[in-house]
Amino acid sequence: PPQSWLAFEAEKRDIREMAWARQPFLQPGIFNPDGHPRHPLSVPTPWNQAAFRRSVSGQTVRMDADVKGARVRLLSAPVCSQGRVRAIIQMVRPLDEFEHMMGNLDRTLLALMLPALLVAGGAAAFLTGRSLRPVKQLAQATAQLTSQDLAYRLPLTGHDEFTELSRRFNGMAERLEGAFSQMEAANDDLRAAYERQRQFTADASHELRTPLTRVKTTASVALASDRSPESYRKALGAVNEASDAMTRLIDDLLLLARSDAGHLRMGAEPADLKQALAAATEMERAALGGRLRWELADEELEVAAAEDHLVRLFGNLLGNAARHTPPEGTITLAACRRNGCVLVQVKDTGEGIPEEHLPRVCERFYRVDAARTRELGGTGLGLAICQSIVAAYGGEMTLRSEVGQGTTVSVSLPAAPGATPAPSTAA
């Protein structure tokens, strides 16, 4: 009946008004495309006509708008069916609570900003310092590295890029230290070589000056006045002896120069060691007297060396033994094959060499007793020449000595290729 319908409509209006009075913005707006409410709980008119018209054309609109004096956020969306817009839904939410919340949030952020900045600054400073500590250490290490101090190394902690950089820096420092060490060693060698050369030149000049002075003095005295033939003969004999000494010294210096240049071994062929020892013994027969004893093995003894060098080598060793062994002493010459080499030993029962002099007796112009005359002590080149000859042919020379007991010089030279091997025999 009409009155029932009218009552129903009145009730709907009352409900709408009550809902609107309580929470107007919580009520949805559900409308037909013509703008009339579609649901009894819907607000009577669209919240925003512009948004409504756009939704009628099929658009979904989200926007902020002023509704009934309040700032709200609005959603207007079409409900479509079979390609046609059947209804429009509009919903709003007031922004005052949101703005109030944002205001509170702003005030809270402003209140916390200063402490937060202080905390963040402190944390940033700490983390930055911790992160950049390897860079600072690297800068300090770079400043500390000098040519005098290359031992500083960076600590290696962690597995990041700075650790790898520190590892590479340490490697660079090690290479620099090694390079500087080699340079210093090379400089030391150069200084030592220069000092040896200077000393060698001074000693050679001194040794040559002595016989030249003797020649000059003897000749000047002989020519100063008329003398008997016997006096002239004696002067010429002294000049001849000085010339022989000078010739031997020059020969020794030339041999050492060839050894330094690496030319001593040129043209060497296998030589019979026994023949070389016999020649060396014959050369020193007068000095040896009857003190020499032979202990040669009954086997072939051939070495790849020039025979004249072997004679020079063992002649020098026998001459040294003869000068430092008393007449009642014994000089033993032994030779045998051992482990692919030929071992020769010259042993004497002479005065011996003090232990502190053994490392230097093979140096050029070195004498154990600096006061010893050249007639008794030689020029100081004998053992240096022996060492050079042995080294030139790939051998080894060692000295053992005890004061008052005697000296043993052992020379080991490689056997000549093709020589008949023999069992090892102790010399």
Side-chain angles (χ1 to χ4, degrees), residues 1-135 158-162:
Q3 55 270 35
S4 299
W5 180 80
L6 292 175
F8 176 72
E9 288 296 325
E11 186 177 358
K12 287 198 299 182
R13 284 195 301 270
D14 292 340
I15 293 174
R16 283 197 300 268
E17 290 174 359
M18 290 173 61
W20 176 259
R22 289 196 300 270
Q23 293 185 357
F25 294 118
L26 295 181
Q27 292 181 258
I30 306 174
F31 309 97
N32 291 318
D34 58 3
H36 290 91
R38 188 183 181 91
H39 193 275
L41 295 181
S42 173
V43 293
T45 58
W47 294 109
N48 186 278
Q49 292 295 334
F52 179 81
R53 287 192 295 271
R54 292 173 60 185
S55 295
V56 170
S57 63
Q59 298 182 34
T60 299
V61 180
R62 294 178 179 84
M63 60 182 296
D64 293 344
D66 291 326
V67 176
K68 298 185 180 298
R71 192 72 176 166
V72 298
R73 180 155 296 173
L74 179 143
L75 170 65
S76 180
V79 178
C80 299
S81 174
Q82 297 178 355
R84 294 177 58 188
V85 176
R86 302 295 184 179
I88 306 299
I89 298 177
Q90 283 193 347
M91 298 184 67
V92 294
R93 288 291 181 270
L95 294 177
D96 54 350
E97 293 184 3
F98 175 76
E99 290 174 352
H100 178 70
M101 181 183 66
M102 292 302 296
N104 290 337
L105 181 60
D106 290 341
R107 288 189 291 273
T108 303
L109 289 177
L110 288 174
L112 295 178
M113 184 176 294
L114 181 60
L117 287 176
L118 293 176
V119 173
F126 172 76
L127 294 176
T128 302
R130 184 182 182 89
S131 300
L132 295 181
R133 186 183 304 163
V135 178
H159 304 281
D160 55 7
E161 291 79 2
F162 286 121

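Everything numeric in this text was worked out from a predicted model, so none of it was measured. Along the sequence shown, residues are numbered consecutively beginning with 1.
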#### Entry: Heavy-atom check, side chain of L75 versus side chain of V61, under 4.5 Å
no
### Query
Which pair of non-hydrogen atoms, one from C80 and one from V85, has the smallest distance, and what is that distance?
SG-CG2, 3.9 Å
## Note on the structure
Tightest non-hydrogen contact, residues F52 and N32, listed as CZ-O, 3.3 Å
#### Entry: Taking every non-hydrogen atom, the tightest pair across G29 and V43
CA-CG2, 3.7 Å
### N48 (side chain) donor-acceptor with A51 (main chain) under 3.5 angstrom
yes
### Task
For S76 and S55, indicate whether the former's side chain and the latter's backbone hold a donor-acceptor pair under 3.5 Å.
no
### Task
Please round to the nearest 0.5 Å and tell me the distance separating atom OG of S57 and atom CD1 of I88.
8.5 Å
### Task
Decide yes or no on side-chain contact (heavy atoms from CB on, under 4.5 Å) for L74 and D64, but give the supporting numbers first.
CA-CA 6 Å; L74 179 143; D64 293 344; over 6 Å; no
### Task
Please tell me if the side chains of R71 and D66 come closer than 4.5 Å, counting only heavy atoms from C-beta onward.
yes
### Query
Do the side chain of R38 and the main chain of R86 share a donor and acceptor less than 3.5 angstrom apart?
yes
### Message
Donor-acceptor check, side chain of Q59 to backbone of R54, threshold 3.5 angstrom: yes or no?
### Response
no
### Message
Rounded at 0.5 Å granularity, tell me how far CE in M113 sits from CG in L118.
### Response
12.0 Å
### Message
Can a donor-acceptor pair be found, under 3.5 Å and without considering hydrogens, that links the side chain of Q90 to the backbone of I30?
### Response
no
### Query
To the nearest 0.5 Å, what is the distance between CE (M101) and CG (D106)?
10.5 Å
### Message
To the closest 0.5 Å, what do you measure between OG1 (T45) and CZ (F31)?
### Response
6.0 Å
